[in-house]
Every structure is written in C-alpha cells, then in structure tokens.
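What you see below is based on every heavy atom in this structure, not just the backbone, and it leaves out hydrogens, waters and symmetry mates.
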Amino acid sequence: MNAAFTTGKELQKMDPVFGQLSFDDHEQIVFCNDKDTGLKAIIGIHNSVMGPALGGTRMYNYANEWEALNDVLRLSRGMTYKAAITGLNIGGGKAVIIGDAKTQKTPELMRKFGEFVHSLSGRYITAEDVGMETKDMDIVRDVTPYVTGISEERGGSGNPSPVTAYGVYLGMKAAAKHQFGSDVLGGKKVLVQGIGHVGETLVDCLTKEGAIVTITDINEERLYEVGAKYNAKIFSGEDLYSADVDIYAPCAMGATINDATVHKIKAKVIAGAANNQLANENIHGAILQERGILYAPDFLINAGGIINVYAELAHYDKAEIMRKTENIYNTTLEIIDFAIANKMTTHHAALTIAQNRIDQRKIENSKK
C-alpha cells in the first residue's frame, strides 16, 4: 500500500476530530474551503448554552491541518470558559484560517470567509485575533452581520487589543498582590514574550508604573523598535524560561508552559495574554502550584478583548467596557482564594466556577 494513501477505515480508526485530545464535546466543527480565493479555514463551536458562540479568527501559517484543528479546538473551548467566568451571556467559538496573513490574506479571501460565517446563521459570531486587523472585520461585515470588532466609524468597538492588555495588566497586579503582598509593579522584573498589539500595550502599562521590563519576540525588527520606544530591555540570554524575573508574561502563541519549560521557570507569577498557556492543564498547572509559582488563568485575565467586542452585541458603552474589564482584578483574587480553599490549581478553580455557571444556565434553559 502507498504510504501516502489512507483508506477510509484507517481514517475512521484515527478518529481525526472526535478522537483529538483537544476535542471536548464540541458542538460543531466546520471545515471551509474555497478554491478561487485559496481559503482553508476551520470554525469551532464549542458550547452555545450561554448564547451564540463568539470568538476571533486567527490567520496563521500552520505546519499542517492537524495543528490548525488542534488550535481551533483549544481556542474555542477557552472562549466558552472565558465568557462564562467573565459573566457574559455568550458561548465559545473560534476560527482559524490556514495561511500567511502577510502574503496570502486578500479582501476576496476575507469576504469568502464571511460568507461561511454567515451560512451558520448566527450560531458563530467572529472577531479579530492573531493575523487579523479591524479593517479585515469591516470586510467580513460587508457580507454578514455576525461579526464584532469592526471599526468605530462603522459603529463597532474598534481594536480590542488595548482593552485585552489592560485586563491582563490588572490580572497581573492582582496576582502580584497575593504573591508579593502588594499590587505595585514598580521595580518588579517582568518578561513579556510576544509584543504584538496586546504585548506592546502591556509593555506600555508596565513601563508607566515603573516595572523593569524585558521583551522578546520572533520579529527582531519590531523587537528593537518597541524596545527603543519604551526603553525596555531586549532579552539576550539563551533560555528565556530560566530568566531571573519576578513575572513571566506570555503574550504570543500558547503552550509555552510545557514539559521542556515548566521546571525551568524562575518567575513567581505567570500572567500573560496568550491563550492556552499550559500545554497540559492538569500536569503543568499542578507542577507550577507545587513549585510555588502563581498562575493567573489565561482565559480569565485576557478577557478584556471579548468584553470589548461583546459590547457591540449587548449595546453597552465604553464606560461599561472598562468597568467590566476592571473587575478582572477582583475576579482574579477570588479565583486564587477559591483555589486555596478547595486545594486545587488556579486554572482548575477558574474552570470550575465557569462550568458551574454554564451548568446552571443549562438547567434554566431546560425549564423554559
């Protein structure tokens, strides 16, 4: 048999979707393909108990389709719990487009993607994520109303990145208050990994408070540009995970806390904007706890973005966006206390509280 050919029976044994480790009883997975535009996308709807599934679209040059599928499964699941822990009446979804955002993204591709979103009749509402801009969401809006994060000129909430960064900053301060006895970050050594839109704004917040900020990014040109702008140090060591810092803030791709890194980390607080920071939630969360490292759950503290775009659906103003985002500080402290009281990791504590809210809504829905 040709090694490159897989029979239907072999594929069935592989359980390509339902058998994925990241599959968590997702309601719907949609594979989108368009030959003319080159669009290859996957939409994941994890849970719609709380409402329509809301979550951004990420365009990334994945190594293969399995990597893309794994990412959309993990990201959409995270959105369910992010919305629930934040108290928003929406479900969790996400989309990924396979390709290089810098060279393969076109208006035609974005319009075609918008048509696929529209075909789901509002079960999934999209927004921007890695590789996307507000202008891309405006193009999607041309073909479907099921999109948030459109420009303020078109009645939207605009770029959610500054609000996301502000929420991460507040979550970091709350974690610091528990771990160091004070939420003052002035003088604290913070390593920010990834300085995209959110990472740069976080660097701005930290710098203004007087933190000693070190930055790292795969884009060297941008690294030096941001370093000069905020007078931040450029990480020059061989292993950033063993860097001598107080706080590690992962703000790039997920799963940076894994088997190879979890025992190296010297920081006493981990608080960043990246989604799915723990490669294995149970194993790596427990190791961090055993090592006395306080992990601020990613889907809790990076919820500012979803709060921002949800305003377009719930019709609340900027003041309410900021009020809900500022509450991340209090919720982080509550999660830490809950984790200690129930002898569990902070990640498990956040999941438990979020799941309880979803279960309660499911009961309420069944009585209608």
Would you say the side-chain atoms of E67 and Y60 include a donor-acceptor pair closer than 3.5 Å?
no

Heavy atoms only: give me the nearest K268-R291 pair and the separation to one decimal.
NZ-O, 4.0 Å

For a quick check under 3.5 Å, do D71 and Y62 share a side-chain donor-acceptor pair by atom type?
yes

Non-hydrogen side-chain atoms of V190 and V245 separated by less than 4.5 Å:
no

Quick one: do I43 and I29 satisfy side-chain contact (heavy atoms from CB on, under 4.5 Å)? Show the steps, please.
CA-CA 6 Å; I43 299 171; I29 311 296; over 6 Å; no

Looking only at side-chain N and O atoms, does N70 offer a donor or acceptor that is under 3.5 Å from a partner on S22?
yes

Do K189 and Y248 meet the cation-pi criteria used here (NZ or CZ under 6.0 Å from the six-membered ring centre, within 45° of the axis)?
no

T207 versus N231: any side-chain heavy-atom pair under 4.5 Å?
no

Using atom types as modelled and distance alone, determine if a side-chain donor or acceptor of N342 lies under 3.5 Å from a backbone N or O of A339.
no

Does CD belonging to E238 count more than 12 external heavy atoms closer than 6.0 Å?
no

From K367 NZ over to K362 NZ, what is the distance, rounded to the nearest 0.5 angstrom?
14.5 Å

Test log, rule side chain to side chain donor-acceptor pair (under 3.5 Å), inputs Y81 and N47
CA-CA 9 Å; Y81 296 117; N47 189 290; over 6 Å; no

When you look at N302 and T164, which way does the side chain to side chain donor-acceptor pair (under 3.5 Å) test go after all the steps?
CA-CA 5 Å; N302 70 9; T164 302; over 6 Å; no

Less than 4.0 Å between a side-chain N and a carboxylate O, is that true for D136 and R111?
no

Surrounding NZ of K208 (heavy atoms of other residues, nucleotides or ligands, distance under 6.0 Å), is the total greater than 12?
no

Under the criterion side chain to side chain contact (heavy atoms under 4.5 Å, CB included), which of T345, I283, I293 is the partner of L288?
I293

Here's one to test your reading of the geometry: is the NZ or CZ of K188 within 45 degrees of the ring axis of F180 and under 6.0 Å from its centre?
yes

Decide whether W66 and F23 are clustered together by the hydrophobic rule: side chain heavy atoms of Ile, Leu, Val, Met, Phe, Trp, Tyr closer than 4.5 Å, transitively.
yes

Is the shortest side-chain heavy-atom distance between F113 and E108 below 4.5 Å?
no

Please lay out, stage by stage, how L88 and I307 fare under the test side-chain contact (heavy atoms from CB on, under 4.5 Å).
CA-CA 8 Å; L88 307 180; I307 291 169; 4.3 Å; yes

For Q355 and D359, does a side-chain donor sit closer than 3.5 Å to a side-chain acceptor?
yes

Could you tell me whether R323 and E320 make a salt bridge, using a distance below 4.0 angstrom between a side-chain N and a carboxylate O?
yes

Salt bridge or not for K229 and D204, using N-O below 4.0 Å?
no

Would you say Q193's side chain and I215's backbone share a donor-acceptor pair under 3.5 angstrom?
no

For this output row, return yes or no: ring centroids of F299 and H347 closer than 6.0 angstrom.
yes

Minimum heavy-atom separation for A354 to A84, with atom names?
O-CB, 3.7 Å

Going through the distances and angles, do T148 and E312 end up as a side chain to side chain donor-acceptor pair (under 3.5 Å)?
CA-CA 7 Å; T148 56; E312 295 176 34; 5.1 Å; no

Under the criterion side chain to side chain donor-acceptor pair (under 3.5 Å), I'd like the reasoning laid out for T144 against H118: C-alpha separation, chi angles, the key distance, then a yes or no.
CA-CA 5 Å; T144 182; H118 192 69; 2.9 Å; yes

Any side-chain heavy-atom pair of I90 and Y310 under 4.5 Å
yes

Identify the two heavy atoms, one from G304 and one from V163, that lie closest to each other, and give their separation to 0.1 Å.
O-CG1, 3.3 Å

Set out, in order, the CA-CA distance, both residues' side-chain angles and the distance that settles side-chain contact (heavy atoms from CB on, under 4.5 Å) for Q277 and H284, then state yes or no.
CA-CA 10 Å; Q277 294 167 26; H284 302 126; over 6 Å; no

Intermediate values then yes/no, side-chain contact (heavy atoms from CB on, under 4.5 Å), Y146 and R123:
CA-CA 9 Å; Y146 305 122; R123 272 182 55 75; over 6 Å; no

What's the separation between atom CD1 in I247 and atom CG in L185, rounded to the nearest 0.5 Å?
5.0 Å

Using the salt bridge (charged side-chain N to carboxylate O under 4.0 Å, His left out) criterion, which residues pair with E65? Sequence neighbours excluded.
none

Min side-chain heavy-atom separation K324-T86 under 4.5 Å:
no

Check I97 against A41 and note the closest heavy-atom contact, atom names and distance.
CG1-CB, 3.9 Å

Looking just at side-chain N and O atoms, do Y124 and Q28 make a donor-acceptor pair shorter than 3.5 Å?
no

Could you tell me if H178 and D337 have a donor-acceptor pair between their side chains, going purely by distance under 3.5 Å?
no

Taking A311's backbone N and O only, do any of them form a donor-acceptor pair with S157's side chain (distance below 3.5 Å, no angle check)?
no

Please answer whether the main-chain N or O of K343 pairs with a side-chain N or O of Q289 as donor and acceptor at a distance below 3.5 Å.
no

Given side chains that start at C-beta, do those of M253 and R58 come closer than 4.5 Å, heavy atoms only?
yes

Answer yes or no: is there a side-chain heavy-atom contact under 4.5 Å between D100 and T103?
yes

Those residues at least two apart in sequence (or on a different chain) that pass side-chain contact (heavy atoms from CB on, under 4.5 Å) with N282 are N280

Does a side chain donor of either E128 or T57 reach within less than 3.5 Å of an acceptor in the other side chain?
no

Run through D298, N276, I287, I270 and flag the one making a side chain to side chain contact (heavy atoms under 4.5 Å, CB included) with I257.
I270

Closest non-hydrogen atoms of L333 and A174, given as atom of the first, atom of the second and distance, are CD2-O, 3.4 Å

Which residues pass the salt bridge (charged side-chain N to carboxylate O under 4.0 Å, His left out) test with D24, not counting sequence neighbours?
R77

Using every non-hydrogen atom in the two residues, find where T80 and H46 come nearest and quote the distance to one decimal.
OG1-ND1, 2.7 Å

CG-OG1 distance between L109 and T37, expressed to the nearest 0.5 angstrom:
4.5 Å

Heavy-atom check, side chain of K266 versus side chain of D246, under 4.5 Å
no

